[in-house]
Amino acid sequence: MGSRYDDLLSLFVRRGFLWPAVDLYGGFAGFYDYGHLGAALKRKWEGVWLSYFLGLGDNYHLIDTTTILPEASLKASGHVDHFTDILVTCTKCKESHRGDQLIEAVTHEEAEGLTPAEVDAKIKELGIRCPKCKGELGPARPFNMMFPLAVGPSGRDRAFLRPETAQGAYLNFKREFEALRRKLPLGLAIVGRAYRNEISPRQGTYRMREFLQAELQIFFDPETADAEFPPGSIRADPIRVALAAEKHEPSARDRAPADLIARGLPAFYVHHLALVQRFYLDRLQVPRERFRFAELDERERAFYNKVHFDIQVDQGSLGGFKEVGGVHYRTDHDLAGHAAGSRKDLSVTIDGRKVVPHVLELSFGVDRNLWALLDLGYELSPSRAVLHLPRPLAPVAVGVFPLLSKAGLPERAESIYRQLRGGLDALYDEAGSIGKRYARMDEVGAPFCATVDHATLEDGTVTLRERDSTAQVRVASSGLAATLRDLIEGRTDFQALGPAVERN
Ligand SMILES: [Zn+2]
């Protein structure tokens with residue numbers, strides 16, 4: 001076995017999840033393609049995300065907006081002037097480096113948010129040289145991470161690939177507010193691609209130049225926010241948090257919501273931390289100890305955020321807790337900025353008061369989340385290689401096999417397979433021993449396998465095997481699709497289906 005990272009990437013490539021894009025031409029740093037299983041997993045993740053987050057409010061909706069935005073809109077949002085990383089170029093080999101990463105590699109402490117002058121001073125103080133050629137490093141300077149475009153034949157209309165989906169929601173807020181009969185809170189979700197010209201893309205899908213975001217922008221009236229998101233049962237859940245001073249430790253503490261509010265966090269914000277945590281622990285089945293929120297201090301926060309906690313998942317392949325999303329209180333920064341930039345009034349009238357709505361952004365990197373789930377789920381031991389994906393997310397729901405390739409078993413198994421594939425992601429396999437077929441299904445995370453044998457021809461039952469426990473029960477093939485759907489949605493317990501049978 002190699003490193004955890006190499007083992008994962010080997011699985012992804014071998015089985016059709018994902019791999020570096022354009023590898024035919026030697027690769028394209030910061031870009032990944034998804035194969036048939038990866039694309040299916042992504043679609044299911046999006047479905048689970050949408051059903052959960054749109055379900056949080058009765059005025060929350062999915063929209064879809066352009067990925068190219070004109071310069072004026074990104075000037076108003078602040079991205080043209082402030083969406084920068086610190087670039088340091090080697091004077092000898094001309095390699096580009098991110099200033100904060102050069103420093104972090106030496107100090108093992110976060111260096112995000114330093115100014116160019118501070119980066120220069122640190123590089124001098126620590127004697128840092130080019131990691132590639134040991135050459136002398138040039139002066140640090142801000143580098144804008146947006147991809148510029150020239151739109152139209154004259155190329156005079158400057159535009160950019162969007163650096164986040166969020167702007168689409170802000171640009172369309174007023175239209176949706178009118179179309180949806182002028183109510184707050186209003187939630188606008190976008191699932192779509194965003195682009196950042198990262199100085200040094202790395203760590204698999206963790207830092208990419210083209211990536212998929214799932215974001216929900218919640219527009220609300222700041223005066224009534226705590227009443228709109230009132231205390232309820234959710235507020236009793238302890239929340240896993242590493243405060244700014246604790247986040248270099250490899251752990252987190254459970255804190256009562258009331259404690260977080262007492263520390264100065266807005267109640268509506270804490271309410272949403274609890275909801276996001278519930279999504280990870282319940283829907284994605286992330287083990288509690290491998291999930292946490294990490295607070296960003298003022299230097300590290302993006303220029304538009306007032307309160308900012310990262311959502312982090314502990315991943316062996318990436319060396320510990322890594323960001324998969326964030327909960328961002330952006331205040332009225334965005335609507336006020338677009339109102340000033342466009343000279344249009346983006347305030348609304350609520351109960352006779354003029355209000356510029358504030359925004360709470362729940363932001364998720366879909367590629368990062370998929371990588372985290374695959375990392376968490378992949379068990380590689382001398383005896384088994386199993387991908388423990390949550391059942392509703394598994395790209396293959398059920399493998400269907402004939403025990404033997406003769407005596408009418410393949411025909412019967414194929415007929416069951418054809419019935420199942422109408423509503424389920426079923427896969428038919430009759431190649432190799434039954435043990436090898438189970439092993440192949442384990443490795444792609446299929447939660448169930450149904451095997452047809454001689455008894456099936458007599459009494460219509462099949463052997464149903466569960467991935468995690470490898471337990472097997474005998475069930476009727478006639479109601480198999482409904483049984484599987486109940487199992488996947490958690491309405492039925494596998495052990496309750498019938499008596500366990502000896503494993504074949
Ligand atoms: Zn160099």
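Order of appearance sets the numbers: ligands from 1, and atoms from 1 within every ligand.
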Exercise for the section: Indicate yes or no for a side-chain donor-acceptor contact from Ser342 to the backbone of His338 under 3.5 Å, with no hydrogens or angles considered. Expected result: yes
Side-chain atoms of residues 90-98: list all donor-acceptor pairs with protein atoms under 3.5 Å, sequence neighbours left out, distances to 0.1 Å.
{"residue": "Thr91", "atom": "OG1", "partner": "Glu136", "partner atom": "O", "Å": "2.6"}
{"residue": "Lys94", "atom": "NZ", "partner": "Thr91", "partner atom": "O", "Å": "3.0"}
{"residue": "Glu95", "atom": "OE1", "partner": "Lys132", "partner atom": "NZ", "Å": "3.2"}
{"residue": "Arg98", "atom": "NE", "partner": "Asp100", "partner atom": "OD1", "Å": "3.0"}
{"residue": "Arg98", "atom": "NH2", "partner": "Asp100", "partner atom": "OD2", "Å": "2.7"}

Exercise for the section: Without swapping roles, check the side chain of Asn172 against the backbone of Gly168 for a donor-acceptor pair under 3.5 Å. Expected result: yes
Exercise for the section: Using distance alone, with no hydrogens and no angle criterion, decide if Ser317 and Asp375 have a side-chain donor and acceptor under 3.5 Å apart. Expected result: yes
Exercise for the section: Please report how many protein N/O/S atoms lie under 2.8 Å from the Zn ion (ligand 1). Expected result: 4
Problem - NZ/NE/NH1/NH2 to OD/OE distance under 4.0 Å, Asp345 and Lys174 - result: no
Handout entry: Any donor-acceptor pair under 3.5 Å from Arg158 side chain to Pro148 backbone
Key = no
